[in-house]
Structure formats: C-alpha cells, structure tokens
Chemist: 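I have a structure I would like to understand better, so I am pasting it below and will then ask my questions one at a time.
In this chain, residues are counted from 1 in sequence order. Heavy-atom basis, side chains included; hydrogens, waters and symmetry copies ignored.
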Amino acid sequence: MVYLETTLLTLGLLIVLGAYAHYWRRTGDWRGVARFWARGMALSVAEFKAQRAGVLLLLLAVVIRFARALMLW
C-alpha cells in the first residue's frame, strides 16, 4: 500500500509538472507557470486534461494515505 501511495504521488506530480512544462514551451509565459493558481493560464485541452489527471492522482494518493492512517489507528 505504501508503494501504491508513493507511486501515485510521484506519477501525479510528474504529470502536473509535464502539463505546465508543455504550457511553458508553447507560450513562453513563465509567470503563468509560477502563478499556476491564477486564472491567467490558458491551458490547451490536452494540457488541461493532463493537469486534471495529475491532480486526481495526487488526490487519490492523499485519500489512500488517510485511509491507511485510519486503519492503523
């Protein structure tokens, strides 16, 4: 279970960073990447889907960590 959690965290982070790297290469807007929470980033459809998939994997890893902590408690 620990390996699954670590794998999901790593994979999710890599996917999100990959989506932002693709946005940066496409637009050259490093400020948008530095302020990724602002509404100014205009992600393409593929970048948006990759970002959401990465965030979903990160969220799933956090849920698994909470579930594992509750089982050990």
Chemist: Under the salt bridge (charged side-chain N to carboxylate O under 4.0 Å, His left out) rule, collect the residues that match up with R52, sequence neighbours excluded.
Modeler: none

Chemist: Taking only residues two or more places apart in sequence, or in another chain, which ones meet E47 in a salt bridge (charged side-chain N to carboxylate O under 4.0 Å, His left out)?
Modeler: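 For E47, the residues satisfying salt bridge (charged side-chain N to carboxylate O under 4.0 Å, His left out) (neighbours in sequence not counted) are R26.
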
Chemist: Quick one: do V16 and W30 end up in the same hydrophobic cluster if we chain Ile, Leu, Val, Met, Phe, Trp and Tyr together by side-chain heavy atoms under 4.5 Å apart?
Modeler: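 V16 and W30: one cluster.
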
Chemist: Among residues at least two apart in sequence or on other chains, which ones pass side-chain contact (heavy atoms from CB on, under 4.5 Å) with R31?
Modeler: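 Only D29 meet the side-chain contact (heavy atoms from CB on, under 4.5 Å) criterion with R31.
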
Chemist: L8: which residues meet the side-chain contact (heavy atoms from CB on, under 4.5 Å) condition with it, sequence neighbours left out?
Modeler: L4, L57, L60, A61, I64

Chemist: Please tell me whether L14 and L59 are part of a single hydrophobic cluster in this structure, the criterion being side-chain heavy atoms less than 4.5 Å apart.
Modeler: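 No, separate clusters.
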
Chemist: Taking a hydrophobic cluster as the set of Ile, Leu, Val, Met, Phe, Trp and Tyr residues connected by side-chain heavy atoms closer than 4.5 Å, whether directly or through intermediates, do Y23 and F48 fall within one such cluster?
Modeler: yes

Chemist: How many angstroms lie between OG1 in T6 and CG in L11, if you round to the nearest 0.5 Å?
Modeler: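 Rounded to the nearest 0.5 Å, the OG1-CG separation comes to 12.0 Å.
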
Chemist: What closest approach, in Å, do V33 and Y20 show between heavy atoms, and which atom pair accounts for it?
Modeler: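 For V33 versus Y20, the nearest heavy atoms are CG2-O, 3.8 Å.
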
Chemist: Restricting to side-chain contact (heavy atoms from CB on, under 4.5 Å), what partner residues turn up for V63, sequence neighbours left out?
Modeler: none

Chemist: Can you sort out the partners of T7 under side-chain contact (heavy atoms from CB on, under 4.5 Å), two or more places apart, ordered by chain and number?
Modeler: none

Chemist: What pairs meet the salt bridge (charged side-chain N to carboxylate O under 4.0 Å, His left out) rule with one or both residues in residues 3-23, with sequence neighbours excluded?
Modeler: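 Every salt bridge (charged side-chain N to carboxylate O under 4.0 Å, His left out) pair that includes a residue of residues 3-23, provided the two are not neighbours, is E5-R65, E5-R68.
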
